[in-house]
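For reference, the structure is listed below as structure tokens.
Chain A is the first sequence line, chain B the second, and so forth, proteins listed ahead of strands; every chain is numbered from 1. Heavy-atom basis, side chains included; hydrogens, waters and symmetry copies ignored. Note that the coordinates shown come from a computational prediction; the quantities given were computed from them, not determined experimentally.
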Amino acid sequence: MRIATWNVNSVKARLSNVLDWLRSAEPDVAVLQEIKCETEAFPRFEFEALGYRLLVHGQKSYNGVALISKHPIEDPMTGLEGDDGDAQARYVEGTVKGVRVCGLYLPNGNPAGTEKYDYKLAWMDRLHRRAGTLLAAGRPFVMGGDFNVIPEERDAADPHAWVGDALFLLETRRRYRALTHLGLTDSWRALNPTATGYSFWDYQGQAWQADNGIRIDHLLASPELADRLETCVIDREPRGRDKASDHTPVVATVSE
DNA sequence: ATGGCTATCACGGATAGA
């Protein structure tokens with residue numbers, strides 16, 4: 001079973017690129033971030049034509065996430081618990097073939113020292129609580145998405161450029177580490193322990209051409225799922241295309 | 001580098017991203 005995450009940066013602007021990739025990579029399940037459209041405006045037909053079922057949680061203009069699956073999606077859920085006043089569409093959850101798949105778009109948080117950063121940290125605390133709840137259930141799950149967290153210096157081509165940034169601040173990384181300390185496994189890092197790999201390259205400054213990237217898109221596997229991990233790769237191909245998203249997909253394979 | 005690209009909304013330029 002192939003599980004993917006991809007921040008597409010607008011599902012409408014990226015439609016042909018996303019569909020092309022789905023046809024070639026054939027993930028069983030994928031979580032998409034920054035669809036940037038309302039739920040009703042998601043290009044449902046085009047995805048269904050490729051055999052995908054959809055769980056969409058959108059909003060106008062910004063954010064928006066989706067879970068797409070070749071298999072039935074059971075117990076669908078949208079929104080991350082813990083703040084009834086949070087109107088931003090950043091979280092979706094559903095069970096596919098016995099695996100609880102969580103798709104998330106973690107707040108960017110810049111600039112640090114503002115309410116935006118406070119929102120990011122609070123959101124991470126809520127995610128931590130959700131992970132604890134799922135761990136207590138004892139069933140396999142994966143939290144995948146754009147975490148907007150550079151876990152370590154080696155996850156940035158130019159780590160000094162990120163000092164003071166909300167993606168790399170100690171408080172941010174500490175909270176990410178709290179998730180792994182709960183027992184979640186960073187799938188790509190676990191299977192590529194000494195490799196360098198990035199999942200995002202800025203549109204500016206020739207970042208892609210210079211491979212000046214950061215690794216911020218992650219698939220965190222629960223212990224039950226980590227035992228089944230076979231491969232995890234960052235697929236750089238879509239990033240090199242015309243009209244590319246600034247993120248590229250991360251794909252894990254788990255035994256059934 | 002004072003984020004020098006991109007998408008959205010809405011039709012100019014602000015807002016957000018990372």
Open item on the list: Counting the atoms with a prime plus P, OP1 and OP2 as sugar-phosphate, which does Asn7(A) contact under 4.0 Å by heavy atoms, base, sugar-phosphate, or nothing?
Closed with: sugar-phosphate
Task: Side-chain ion pair, Glu224(A) and Arg139(A), N-O less than 4.0 Å - done: no
Task: Atom-to-atom span, CZ of Phe168(A) to C1' of dG17(B) - whole angstrom - done: 19 Å
Task: Separation of the P atoms in dA10(B) and dC5(B), to the nearest angstrom - done: 27 Å
Task: Gln204(A) side chain, from C-beta outward: closest of dT15(B), dG17(B), dC5(B) - done: dC5(B)
- [ ] Under 4.0 Å between any heavy atoms, over every strand shown, what does Arg90(A) touch: base, sugar-phosphate, or nothing? Just pick one.
- [x] sugar-phosphate
Open item on the list: Using a strict threshold of under 4.0 Å (side-chain N to carboxylate O), is an ion pair present between Arg175(A) and Glu171(A)?
Closed with: no
TODO: Would you mind telling me which of dT8(B), dG17(B), dA7(B) lies closest to the side-chain atoms of Ser61(A)?
DONE: dT8(B)
Task: Lys36(A) NZ/CZ over Tyr62(A) ring centroid, <6.0 Å and within 45° of normal - done: no
- [ ] For the side chain of Ala13(A), starting at C-beta, report the closest nucleotide among dT15(B), dA7(B), dG17(B).
- [x] dA7(B)
- [ ] From the options dT8(B), dG17(B), dG4(B), select the nucleotide whose nearest atom is closest to the side chain of Tyr203(A).
- [x] dG17(B)
Open item on the list: Could you go through Tyr203(A) and Asn9(A), starting from their C-alpha distance and side-chain angles, then the distance that decides it, and tell me whether this counts as side chain to side chain donor-acceptor pair (under 3.5 Å)?
Closed with: CA-CA 12 Å; Tyr203(A) 286 125; Asn9(A) 186 17; 3.0 Å; yes
TODO: Classify the nucleic acid contact of Gly109(A) as base, sugar-phosphate or nothing, counting any heavy atom under 4.0 Å across all strands shown.
DONE: nothing
- [ ] Write down the distance separating the P atoms in dG4(B) and dA14(B), rounded off to the nearest Å.
- [x] 14 Å
Task: Minimum-distance nucleotide (side-chain atoms of Tyr105(A) versus dG17(B), dG4(B), dA7(B)) - done: dG17(B)
TODO: Report the residue (Tyr62(A) or Ile35(A)) whose heavy-atom-nearest nucleotide on DNA chain B is the more 5′ of the two.
DONE: Ile35(A)
Open item on the list: Any side-chain N or O of Arg14(A) below 4.0 angstrom from OP1/OP2 of dT8(B)?
Closed with: no
Task: Presence of Lys36(A) side-chain N/O under 4.0 Å of dG17(B) phosphate oxygens OP1/OP2 - done: no
Open item on the list: How many whole angstroms separate atom OH of Tyr117(A) from atom P of dA16(B)?
Closed with: 19 Å
- [ ] Using a 4.0 Å heavy-atom cut-off across all strands, classify Lys120(A) as base, sugar-phosphate, or nothing.
- [x] nothing
Task: Rounded distance (Å) that lies between atom C1' of dG17(B) and atom CG of Asn148(A) - done: 8 Å
- [ ] Mind calculating the distance between CG (Leu106(A)) and P (dG17(B)) to the nearest angstrom?
- [x] 12 Å
Task: Out of dA7(B), dG17(B), dC9(B), whichever nucleotide has its closest atom nearest the side chain of Ser10(A) - done: dA7(B)
Open item on the list: If I take atom NZ in residue Lys60(A) and atom P in nucleotide dA16(B), what distance separates them, rounded to the nearest angstrom?
Closed with: 15 Å
TODO: For Asp217(A), answer base if it contacts any base atom (sugar-phosphate contacts may also be present), sugar-phosphate if it contacts only those atoms, and nothing otherwise; contact means non-hydrogen atoms under 4.0 Å.
DONE: nothing
Task: Asp155(A)/Arg173(A) salt bridge by N-O under 4.0 Å criterion - done: no
Open item on the list: For the C1' atoms, the ones on dG12(B) and on dA7(B), what distance do you get once it is rounded to whole angstrom?
Closed with: 15 Å
- [ ] Identify the residue among Asn7(A), Thr5(A), Asn63(A), Asn148(A) that makes a side chain to side chain donor-acceptor pair (under 3.5 Å) with Gln33(A).
- [x] Thr5(A)
Open item on the list: Distance check needed: dA7(B) C1' versus Gln59(A) CD, whole Å only.
Closed with: 14 Å
Task: Protein-nucleotide distance (Ile214(A), atom CD1; dG17(B), atom C1'), rounded to Å - done: 11 Å
Open item on the list: From CG of Asp242(A) over to C1' of dC5(B), roughly how many Å is that when rounded to an integer?
Closed with: 15 Å
